[in-house]
Amino acid sequence: MPSQEIRDRVNVRLDELYRRHLSLHDEEVAGYYGSGSGYHKPEVLGEDQKRFSICLATTDGEVFVAGDHDHPFALQSISKMFVYGMALEACGRERVLARVGVEPSGDAFNSIVFDERHNRPFNPMVNAGALATTDLVGDRDATEPALGRILDALRRYTGNEDLEVDEGVFEAEMRTADRNRATGYLMRSEGMLEGNVEATLALYLRQCSVLVSCRELALMASTLANGGVNPTTGERALGSRHVRDVLSVMHTCGMYDFAGEWAYRVGIPAKSGVSGGVLAVVPGKLGIGVFSPGLDAYGNSVRGTAVCEEISERLGLHVFADTREDALLGPSQ
Ligand code: DON
């Protein structure tokens, strides 16, 4: 357990990081996402577009927060990595690999380009791959029991027993799901989906519509950093043998067609969603959650990317960083 002095130091640095990034980046934003309204750039920013939070959760159960850390937002694509973990637990690695690859696609998240050599989506972090993993964890023609299992898993990751789907978000997503629906039917015609496409689509959009806070995002990340056990509750959310697989796919595919540049610049496994959440995992150490709805052209949070890059750089967290690059603990301090 860190001493109060170390906690205070982390809080001061986090607050400084938060304040500085709050005043930067607005002009880099390409758009904001609204369920039902898609991407747009509003003339005047509303309160919800201005929200910003950075949270850190360590593997020994310490949580540090800055900004709007309790504000709920939809998980959106961040849900994909948790459902991928569930598919691995339910079906095993080989069966999952037969249905969805682990290859970065280099395409946008809603691409309808498939790995034709293996007749499967490229990876579980693009929408087509998420439809495949949702199909694997779903029930034939009935969404409710599978949704209960997904919520149970997400509750174990966050430690929040009350985690729920926002029905308003879900209905708006469902009304504007033409591309995902088309992707689902295309996949079924190619033998990539087995179940009822409408049920799989609804289950996918319900998991996207689960509300979490930035603090909970950091806790989810810290659960993965801690080998699948939530450090604050001690509950296991994912079998340790699957944590490595989920982190590997996040590392290579989690930030869409920016994944290569993220791996190069930030160097820690991460996953983003169009609501503006970014979750990043430093195995054995730390979970990071950032929430800021302004998105770049790839659909990643602009502040999420900038903050993770700075934390990684300052703490020497890049997976290929030399141990002497740790700016807090290394000799440069
Ligand atoms: O269109 C969808 O599938 C979204 N509701 C979720 C997509 C998402 O978060 C992708 N993100 N960057």
Side-chain angles (χ1 to χ4, degrees), residues 29-40 72-84 100 104-113 121-135 138 147 150 154 165-187 193 197-212 214 217 220 249-250 252-259 261-262 269-280 289-305 308:
V29 170
Y32 298 82
Y33 178 82
S35 292
S37 55
Y39 295 91
H40 52 96
F73 59 91
L75 261 181
Q76 294 288 8
S77 278
I78 299 174
S79 62
K80 289 170 176 155
M81 47 183 271
F82 302 112
V83 173
Y84 178 54
V100 56
S105 69
D107 284 324
F109 63 85
N110 57 4
S111 165
I112 47 168
V113 175
F122 277 105
N123 66 69
M125 303 290 137
V126 291
N127 289 6
L131 288 170
T133 55
T134 303
D135 187 43
L147 179 64
I150 292 174
L154 296 175
V165 171
D166 182 310
E167 287 298 322
V169 171
F170 167 68
E171 277 161 27
E173 290 286 337
M174 203 62 183
R175 274 199 305 278
T176 50
D178 288 356
R179 193 179 173 95
N180 282 327
R181 178 174 279 113
T183 306
Y185 281 104
L186 180 60
M187 287 172 68
L193 280 188
V197 173
E198 294 300 325
T200 301
L201 177 69
L203 185 58
Y204 163 66
L205 291 176
R206 281 206 162 89
Q207 78 209 17
C208 284
S209 306
V210 171
L211 297 185
V212 297
C214 189
L217 207 57
M220 293 168 117
V249 172
M250 283 168 67
T252 52
C253 313
M255 303 301 282
Y256 305 111
D257 36 335
F258 188 71
E261 199 160 331
W262 178 280
K271 183 76 198 85
S272 67
V274 283
S275 300
V278 178
L279 171 162
V290 185
F291 173 61
S292 172
L295 306 178
D296 61 19
Y298 303 94
N300 296 321
S301 167
V302 170
R303 286 190 177 84
T305 297
C308 288

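Numbering of ligands and ligand atoms starts at 1, following listing order. As the structure is a prediction and not an experimental result, all values here were calculated from the model.
Every atom of ligand 1 with a heavy atom of G273 under 4.0 Å away is listed here by number and element: 9 (O). Close contacts of ligand 1 with Y204, meaning ligand atoms under 4.0 Å from a residue heavy atom, involve 2 (C), 3 (O), 6 (C). Counting atoms of ligand 1 from 1 in the listed order, those under 4.0 Å from a heavy atom of G299 are 12 (N).
The backbone N or O of G138 lies less than 3.5 Å from no partner atom in the side chain of D135, so there is not a single donor-acceptor pair. Between the side chain of S292 and the main chain of S301, no donor-acceptor pair closer than 3.5 Å is present. A donor-acceptor distance shorter than 3.5 angstrom exists from the side chain of S111 to the backbone of V113, with no hydrogens or angles considered.
Among all non-hydrogen protein atoms, the one lying nearest atom 1 (O) of ligand 1 is N180 ND2, 3.4 Å. In this structure, the protein non-hydrogen atom closest to atom 11 (N) of ligand 1 is Y256 OH, 2.8 Å. Among protein heavy atoms, atom 4 (C) of ligand 1 sits closest to Q76 OE1, 3.4 Å. S77 OG, 2.5 Å is the protein heavy atom nearest to atom 8 (C) of ligand 1.
Between F291 and F73, the ring planes lie parallel to each other; the angle is under 30°, not in the 30° to 60° tilted range.
Shown are N127, T133, V83; of these, the side chain to side chain contact (heavy atoms under 4.5 Å, CB included) with Y204 is made only by N127.
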Q | Steps toward side-chain hydrogen bond (donor to acceptor under 3.5 Å, both in side chains) verdict (S209, E173) | A | CA-CA 8 Å; S209 306; E173 290 286 337; 5.8 Å; no
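Between M174, E173, K80, M125, it is E173 that holds the heavy atom closest to atom 5 (N) of ligand 1.
Checked by distance only, ligand 1 and N127 come closer than 3.5 Å through their nitrogen or oxygen atoms. Between V274 and ligand 1, at least one N/O pair is under 3.5 Å apart.
At least one side-chain heavy atom of R206 sits under 4.5 Å from a side-chain heavy atom of E167. Residues F82 and L279 form a side-chain contact, since some pair of their non-hydrogen atoms from C-beta on lies under 4.5 Å apart.
Residue contacts with ligand 1: Y33 is included, with a non-hydrogen atom under 4.0 Å away.
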